[in-house]
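The block underneath contains the structure these notes are about, expressed in structure tokens.
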2 protein chains.
Amino acid sequence: METENGARWLSDEEQRTWRTHLEVSRLLTYQLERDLQPFGLTYNDYEILVNLSEAEDHQMRMSDLARATLQSKSRLSHQITRMENAGLVRRENCESDRRGLFAVLTDYGWETMKRVAPHHVAAVREHFIDLLSPQGLESLQAALEPVAKHLRGARGRA
Amino acid sequence: METENGARWLSDEEQRTWRTHLEVSRLLTYQLERDLQPFGLTYNDYEILVNLSEAEDHQMRMSDLARATLQSKSRLSHQITRMENAGLVRRENCESDRRGLFAVLTDYGWETMKRVAPHHVAAVREHFIDLLSPQGLESLQAALEPVAKHLRGARGRA
DNA sequence: TTGAATTCATTCAATATTCAACTTAATTTG
DNA sequence: CAAATTAAGTTGAATATTGAATGAATTCAA
């Protein structure tokens with residue numbers, strides 16, 4: 001039950017749970033991505049729309065948006081360029097910090113969000129939420145929140 | 001509580017749980033990927049090594065491997081080419097079906113696996129398993145297994 | 001207050017992924 | 001059994017992502 005250098009292997013139950021979590025997380029992303037395809041959006045596009053939609057004035061600084069969506073600045077920069085070409089967002093200068101830029105939701109972006117969100121939520125229900133019992137929901141949150149907290153911290157200590 | 005087209009939004013608790021799950025799944029992948037970097041492996045590399053290590057004769061058909069690791073045949077093909085160049089696997093013809101190929105773990109691939117696995121397992125413990133209480137572990141499995149089952153099915157019905 | 005370090009964001013080149021087209025082999029069917 | 005269909009896998013071009021380098025504005029510190 002110990003590896004040669006002293007690390008402890010996973011028990012059968014631990015391994016099963018770990019693999020289930022992994023599988024769910026992969027298949028779910030895959031499925032939700034597919035449910036967004038008919039609307040011409042990737043999951044990444046959608047997440048950015050969500051963030052901007054919930055932000056004050058429908059705008060966020062590039063850095064904040066990158067942090068919120070867990071992507072590198074470089075990746076976000078490309079991503080926003082694409083979404084800009086698609087008419088969903090635009091860049092706007094920041095007066096208080098002239099290095100900075102805002103990504104701003106366009107009217108079309110906001111309309112798109114309002115149109116797509118119900119379908120996305122329905123998919124989240126169908127493939128996840130509605131498959132959990134009330135206790136399932138509750139215990140999931142209870143189990144995962146500490147993990148999330150730990151990982152948020154670990155992310156900083158890069 | 002209803003969207004215009006009749007879909008039901010998520011309750012606060014549902015939303016919280018959903019977002020926590022999403023966050024954990026993203027940050028965890030990110031973290032494990034980072035823990036593998038010092039060994040010169042991506043998570044994708046590692047998963048393929050795991051699959052081959054557990055397979056009979058350390059070999060699998062390309063299609064099966066693609067299915068097991070949830071990637072397209074094309075992606076796997078490129079991936080295996082890279083791993084072949086890195087000396088971790090090799091391709092071998094399949095006699096019974098001459099269209100087919102096996103991806104086979106090389107000695108070096110197997111040595112790599114034995115060397116890296118303990119560190120990976122330790123990371124899985126540190127960032128996930130050891131943060132769950134015994135009930136946490138159990139209820140997680142209980143909650144997620146039906147979701148996994150559902151999604152496995154949905155995947156087929158593409 | 002000036003020079004050094006940091007932050008914001010982009011760009012370019014190297015990698016990786018996707019998608020459609022293709023080749024070859026196996027299977028089906030009329 | 002011949003033609004059509006399906007399956008296994010690869011390829012190449014288009015697209016996306018990564019990581020290092022860059023430029024420009026801000027902050028820090030002596």
Side-chain angles (χ1 to χ4, degrees), chain A residues 26 29-34 36-38 40-48 51-52 55 59-86 88-104 155-156 158, chain B residues 26 29-38 40-48 51-52 55 59-86 88-104 156 158:
Chain A
R26 303 262 231 140
T29 303
Y30 179 84
Q31 181 63 50
L32 293 176
E33 186 94 35
R34 209 165 61 183
L36 283 171
Q37 261 174 26
L41 295 177
T42 64
Y43 197 80
N44 203 4
D45 294 333
Y46 185 80
E47 276 221 306
I48 287 173
N51 273 277
L52 293 178
Q59 61 174 44
M60 282 176 85
R61 287 289 295 271
M62 293 296 278
S63 300
D64 296 334
L65 191 51
R67 217 180 339 274
T69 57
L70 302 176
Q71 30 192 345
S72 68
K73 284 158 175 250
S74 171
R75 180 176 171 186
L76 180 68
S77 189
H78 289 297
Q79 171 72 26
I80 291 295
T81 299
R82 271 168 309 211
M83 292 180 76
E84 208 168 18
N85 293 336
L88 295 164
V89 301
R90 64 174 184 279
R91 282 180 234 245
E92 227 168 76
N93 289 41
C94 172
E95 297 171 30
S96 61
D97 182 341
R98 278 166 34 211
R99 293 166 302 183
L101 288 176
F102 286 103
V104 190
R155 180 153 171 72
Chain B
R26 303 265 229 139
T29 304
Y30 179 85
Q31 181 65 48
L32 293 175
E33 186 95 35
R34 208 164 62 181
D35 290 336
L36 283 171
Q37 262 175 23
L41 296 177
T42 64
Y43 198 80
N44 203 5
D45 294 333
Y46 185 79
E47 277 220 307
I48 287 173
N51 274 277
L52 293 179
Q59 62 176 39
M60 283 176 84
R61 286 288 296 272
M62 293 296 278
S63 300
D64 296 335
L65 191 50
R67 216 182 339 274
T69 56
L70 303 176
Q71 27 191 348
S72 68
K73 286 160 174 244
S74 171
R75 179 176 170 184
L76 180 67
S77 188
H78 289 297
Q79 170 74 24
I80 291 295
T81 300
R82 269 167 288 171
M83 293 180 76
E84 209 168 17
N85 292 335
L88 295 164
V89 302
R90 63 171 183 281
R91 280 179 235 245
E92 228 169 75
N93 290 41
C94 173
E95 296 169 31
S96 61
D97 182 342
R98 278 168 34 212
R99 293 167 302 181
L101 289 175
F102 286 103
V104 190

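Every chain is numbered from 1 and lettered A, B, ... according to where its sequence line falls, protein lines coming before strand lines. Only a predicted model underlies this, so the values are computations on that prediction, with no experimental measurement involved. Worth knowing before you read on, the calculation uses all heavy atoms, side chains too, and leaves out hydrogens, waters and symmetry mates.
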- Which heavy atom of A/Glu95 sits nearest a heavy atom of A/Arg98, and at what distance? O-CG, 3.8 Å

- Task: Using salt bridge (Lys or Arg N to Asp or Glu O under 4.0 Å) as the criterion, list what pairs up with B/Glu33, not counting sequence neighbours.
- Result: none

- Message: Just the rounded figure in Å: distance from P of C/dA9 to CD of A/Gln79.
- Response: 16 Å

- Looking at DNA chain C, which of residues 41-48 of chain B put a heavy atom within less than 4.0 Å of it? none

- Query: Going by atom types only, do A/Arg91 and A/Thr81 share a side-chain donor-acceptor pair under 3.5 Å?
  - Reply: yes

- Round to a whole Å and report the spacing from CE of B/Met60 to C1' of D/dG9. 15 Å

Listing time: all N or O pairs from protein to nucleotides 18-22 of chain C that are below 3.5 Å?
residue: C/dT18; atom: O4; partner: B/His78; partner atom: NE2; Å: 3.2
residue: C/dC19; atom: N4; partner: B/Ser74; partner atom: OG; Å: 2.5

- Message: Any side-chain N or O of A/Arg82 below 4.0 angstrom from OP1/OP2 of D/dA14?
- Response: no

- Message: Rounding to an integer number of Å, can you tell me how far B/Leu76 CG sits from D/dT11 C1'?
- Response: 14 Å

- Checking side chain to side chain contact (heavy atoms under 4.5 Å, CB included) for the pair A/Tyr43/A/Leu36: CA distance, chi angles, key distance, verdict? CA-CA 7 Å; A/Tyr43 197 80; A/Leu36 283 171; 3.9 Å; yes

- Message: With heavy-atom distances below 4.5 Å as the criterion, would you say the side chains of B/Leu65 and B/Ile80 are in contact?
- Response: yes

- Who are the side-chain contact (heavy atoms from CB on, under 4.5 Å) partners of B/Arg99, not counting sequence neighbours? B/Asp97

- Message: Which residues pass the ring pair (Phe, Tyr, Trp, His ring centres under 6.0 Å) test with A/Phe102, not counting sequence neighbours?
- Response: none

- Shortest non-hydrogen contact from A/Ala103 toward A/Met62: CB-SD, 4.1 Å

- Item | Spacing between A/Lys73 atom NZ and C/dC12 atom P, to the nearest angstrom | 19 Å

- Message: Please evaluate residues B/Glu84 and B/Arg82 with respect to the criterion salt bridge (Lys or Arg N to Asp or Glu O under 4.0 Å), reporting the C-alpha separation (whole Å), side-chain torsions for both, the decisive distance (0.1 Å), and the verdict.
- Response: CA-CA 5 Å; B/Glu84 209 168 17; B/Arg82 269 167 288 171; over 6 Å; no

- Message: Using side chain to side chain contact (heavy atoms under 4.5 Å, CB included), reason through B/Glu47 and B/Thr42 one step at a time and then give a plain yes or no.
- Response: CA-CA 9 Å; B/Glu47 277 220 307; B/Thr42 64; over 6 Å; no

- Note on the structure: Between A/Met60 and A/Ala68 the two heavy atoms that sit nearest each other are CE-CB, 4.2 Å

- Task: Calculate the interatomic distance between B/Leu101 atom CG and D/dA7 atom P; express it in whole Å.
- Result: 18 Å

- Query: What integer distance in Å separates A/Leu65:CG from C/dT7:P?
  - Reply: 19 Å

N/O contacts under 3.5 Å, protein versus nucleotides 23-27 of chain C?
residue: C/dA26; atom: OP1; partner: B/Arg98; partner atom: N; Å: 3.1

- Tell me: CG of A/Asn85 to C1' of D/dA14, nearest whole Å? 15 Å

- Query: D/dG9 C1' sits how many Å from B/Arg90 CZ, rounded?
  - Reply: 19 Å

